[in-house]
Asks: 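Got a structure for you, written out below as structure tokens; questions coming shortly.
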Amino acid sequence: MSKQIYITQAVAWARARGFVDIKANLEGYPKPGGYGRQQDGQTFIPDVTAQQFEQKSYFTVVLKTDPVDGLISKLKLLSQLALLGGGQLYLLTPKGHLPFAKSVAAESAITAEWINLG
């Protein structure tokens, strides 16, 4: 399945829980802002961003087919941004991808809320 389908599910999950000002890396939605890394020029774009009670949260769909190095960097950055803004980082995983995602997060000491897309 395409990651776009999972991002659509992430948007629906966020909307159902009262998040507003939803931006998604998906056609038909405003695109979230990207965050660049100066040393190599790499840009990280969250899959979904949304606000709840004036706190900005970040949502990322994690698949075991994602390149690990880029994924770790992206998750560390989004985790720090969520903490600074008083929000949370939500990691959404389809069925079968949760063990991979948890191992990556544990190796990197990333604090996040886990959502199983089933």
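Values reported hereafter were calculated over all heavy atoms of this structure, with side chains retained and with hydrogens, waters and symmetry mates removed.
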Asks: Show the nearest heavy-atom pair for residues Ser57 and Gly87, with the distance to one decimal.
Replies: OG-CA, 3.8 Å

Asks: Are the side chain of Lys74 and the backbone of Ile45 linked by a donor-acceptor contact shorter than 3.5 Å?
Replies: yes

Asks: Report yes if some heavy atom in the side chain of Leu63 is under 4.5 Å from a heavy atom in the side chain of Pro94; otherwise report no.
Replies: yes

Asks: Are side-chain heavy atoms of Thr93 and Ile115 found at a separation under 4.5 Å?
Replies: no

Asks: With Gln4, which residues qualify under side-chain contact (heavy atoms from CB on, under 4.5 Å), at least two apart?
Replies: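 Gln4: side-chain contact (heavy atoms from CB on, under 4.5 Å) contacts with Ser2, Ile7, Leu26.
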
Asks: Only counting residues at least two apart or in another chain, list the ones meeting side-chain contact (heavy atoms from CB on, under 4.5 Å) with Ser73.
Replies: Arg37, Phe44

Asks: Evaluate Lys3 against Val62 for side-chain contact (heavy atoms from CB on, under 4.5 Å), listing each step before the verdict.
Replies: CA-CA 9 Å; Lys3 189 170 185 172; Val62 180; over 6 Å; no

Asks: Less than 4.5 Å apart, any side-chain heavy atom of Thr111 and any of Leu83?
Replies: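 They are not in contact (no side-chain heavy atoms under 4.5 Å apart), so the answer is no.
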
Asks: Determine the minimum heavy-atom distance between Lys64 and Phe100, stating which atoms define it.
Replies: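 Smallest heavy-atom distance, with atoms named: CA-CD2, 3.3 Å.
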
Asks: Quick one: closest heavy-atom pair of Pro46 and Gly33, and the distance?
Replies: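 Scanning both residues completely, I find the closest heavy atoms to be CD-O, 3.4 Å.
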
Asks: Do Val20 and Gln52 have side-chain heavy atoms sitting under 4.5 Å apart?
Replies: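 Not in contact.
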
Asks: How long is the straight-line distance from CD of Gln55 back to CZ of Phe19, given to the nearest 0.5 Å?
Replies: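 Phe19 atom CZ to Gln55 atom CD measures 9.0 Å (nearest 0.5 Å).
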
Asks: For Leu81 and Tyr35, run side-chain contact (heavy atoms from CB on, under 4.5 Å): C-alpha distance rounded to whole Å, both residues' side-chain angles, the deciding distance at 0.1 Å, then the answer.
Replies: CA-CA 10 Å; Leu81 289 171; Tyr35 301 94; 3.6 Å; yes

Asks: Report the distance from atom CG of Leu92 to atom CG of Leu117, rounding to the nearest 0.5 Å.
Replies: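 These two atoms lie 5.0 Å from each other.
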
Asks: Not counting sequence neighbours, list each pair that qualifies as a side-chain hydrogen bond (donor to acceptor under 3.5 Å, both in side chains) and has a residue in residues 75-90.
Replies: Gln88-Tyr90, Gln88-Glu113

Asks: What I'd like to find out is whether the side chain of Val61 reaches to under 4.5 Å of the side chain of His97, using heavy atoms alone.
Replies: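 They are not in contact (no side-chain heavy atoms under 4.5 Å apart), so the answer is no.
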
Asks: If you apply the rule side-chain contact (heavy atoms from CB on, under 4.5 Å), what do you find for Ile110 with Leu89, and how did you get there?
Replies: CA-CA 9 Å; Ile110 295 168; Leu89 172 62; 3.9 Å; yes

Asks: Are side-chain heavy atoms of Ile22 and Val48 found at a separation under 4.5 Å?
Replies: yes

Asks: If I compare all heavy atoms of Phe59 with all of Ala14, which pair ends up nearest, and what's the gap?
Replies: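 Closest pair (atom of Phe59, atom of Ala14, distance): CZ-CB, 3.9 Å.
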
Asks: Are any non-hydrogen side-chain atoms of Trp114 and Leu91 less than 4.5 angstrom apart?
Replies: yes

Asks: Does any non-hydrogen side-chain atom of Leu75 lie less than 4.5 Å from one of Thr60?
Replies: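 A side-chain contact exists here, since the closest heavy-atom pair is under 4.5 Å.
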
